[in-house]
Amino acid sequence: MSNHPLILVLNCGSSSLKGAVLDVVSGKVLLSCVAEKLGFADAFITFKADGDKHKVALGGDHSHTVAVEALMAELKVHHLHHKIAAVGHRVVHGGERFTHSTLIDDQVMRDIEACIVLAPLHNPAHILGIRAAQAVFADLPHVAVFDTAFHQTMPEQAYRYAVPTELYTQYGVRRYGMHGTSYRFVAQETARFLGRAETELALVIAHLGNGASITAVLNGQSRDTSMGLTPLEGLVMGTRSGDIDPSIFSFLQENANLDMAEITAMLNHKSGLLGLSDLSNDCRTLEEAAANGHKGALLALEVFAYRLAKYVAAMTVANGRLDALVFTGGIGENSTFVREKVLSHLAVLGLSIDHDANLAACFGRAGIISQPGKTPLALVIPTNEELMIAQDTAQLAGLSI
Ligand code: AMP
């Protein structure tokens, strides 16, 4: 085992906690865990290390703190606890306050709290997780890495909505974007893969997972992105509608007797691939069903790919030119079907597909999937948000690696 300092990366939800211990130099995950049902009597945590997986019930008050204490106990079993040098926390929303990752102090905690209004489901859970980790790993530096920070370079013409100015100045109603940590990692990796400088590349990166978004990255900086005030805007996603006519709210209130909360829940949890297919939010399931003649599944994938292709064109406008379209995330990295469909709409931008290369760039393998000699390039670059968080954490904690 290496003697490099290790970073613990934590990602807390309201009833969950995901953790990973990484060697920042090799990128290797030495131990990972997922705690579920936190706050409930049947809370448990699952650990994975050295190819072994086991589940432990979480007693006490079943809280995030109990989960972090169980993680500490497991680290001791593996003799890893004394090698952890810093803790990195994923934080979804940093508003306009955070343009970079930062060491956590009392003021940073107050600022993360101030962003709760923008991410009422996520930021309170992150605060719980940070406090729990600070109690258990009291002597270590803690770092916050924000999903929104990378997009703070967007120009005002990209982040403002065409609504009365006071909605922005008083309530912070603007586009913030998400998945920033993934975009930063993938932009760096793309430059490395191509042997070029990030500062000379115009990239459009599509992060396609259960949540999906797309970003214009020019010279290493975000110029525009598809998610907005919340993650609901933009592409078709697993269960989210993405862009809709905002009048659908009043239309459904009047005609379907639904209230705001019901409509919001429907657009977030019952729409997207799931809503269109009436079958599943899972791309793999839909591909199989479409191959077996399920019309809804095929339609869902077609709408997904068509919306995405339109956004590739929009993001190309944001950059002013296009060197490469990059696919990442669970769907982007694995679905040869979706990539092929998206690229079939994009010959207009000069994009192309090499079918064999498309089949080869799967399951964690990076690759160029456009035809040899043709530009713009189309690529697959696997993302690694945990490694990006660990790298930021090591750097801000002043670790020499
Ligand atoms: P993520 O949220 O990044 O984990 O991505 C989840 C999505 O990736 C789900 O819709 C999965 O169906 C999709 N996915 C994972 N593996 C494959 C695959 N081999 N083919 C198609 N879709 C996949």
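All heavy atoms count here, side chains included; hydrogens, waters and symmetry mates do not. For ligands, and for the atoms within them, numbers begin at 1 and follow the listed sequence.
- Inclusion of Leu208 in the set of residues having an N or O under 3.5 Å from an N or O of ligand 1 is not warranted.
- The distance between the ring centers of His89 and His142 falls below 6.0 angstrom.
- Of the possible donor and acceptor atoms, one in the side chain of Ser271 sits under 3.5 Å from a partner among the backbone N and O of Met266.
- Close N/O approach between Arg284 and ligand 1 is found [any backbone or side-chain N/O within under 3.5 Å].
- In summary, the atoms of ligand 1 found under 4.0 Å from a heavy atom of Glu287, numbered by their order in the structure, are 21 (C).
- Nearest to atom 7 (C) of ligand 1 among the protein's heavy atoms is Ile331 CG1, 3.7 Å.
- The Ser335 neighbourhood of ligand 1 comprises atoms 21 (C), with distances under 4.0 Å to a heavy atom of that residue.
- Atoms of ligand 1 lying under 4.0 Å from any heavy atom of Cys283, numbered from 1 in the order shown and given with element: 10 (O), 12 (O), 22 (N).
- Scored by the side-chain contact (heavy atoms from CB on, under 4.5 Å) test, Val317 finds no partners at all (sequence neighbours excluded).
- In this structure the side chain of Tyr161 reaches within 4.5 angstrom of the side chain of Leu229, judged on heavy atoms.
- Using a 4.5 Å heavy-atom cutoff, the side chains of Ser241 and Leu232 are in contact.
- Interface of Phe363 with ligand 1, defined as ligand atoms under 4.0 Å from a residue heavy atom, comprises 19 (N).
- Annotation: atom 1 (P) of ligand 1 to nearest protein heavy atom, Gly209 CA, 3.7 Å.
- Among Asn334, Thr383, Leu273, the residue whose heavy atom lies closest to atom 16 (N) of ligand 1 is Asn334.
- Annotation: Asn210 places an N or O atom under 3.5 Å from an N or O atom of ligand 1; distance criterion only.
- Applying the salt bridge (Lys or Arg N to Asp or Glu O under 4.0 Å) test to every pair with at least one member in residues 167-186, sequence neighbours left out, gives these pairs: Glu96-Arg174, Arg175-Asp224, Arg175-Glu233, Arg184-Asp392.
- Using a 4.5 Å heavy-atom cutoff, the side chains of Leu267 and Phe249 are in contact.
- Taking the side chain as every heavy atom from C-beta outward, Phe251 and Asp245 never approach each other to under 4.5 Å.
- Residue-to-ligand polar distances place Gly330 within reach of ligand 1: an N/O pair is separated by less than 3.5 Å.
- Of the protein's non-hydrogen atoms, the one nearest atom 12 (O) of ligand 1 is Asp282 OD1, 2.6 Å.
- Distance remark: protein heavy atom not present below 4.0 angstrom from atom 4 (O) of ligand 1.
- Residues Phe185 and Ile381 are not in side-chain contact: their nearest non-hydrogen atoms beyond the backbone lie 4.5 Å or more apart.
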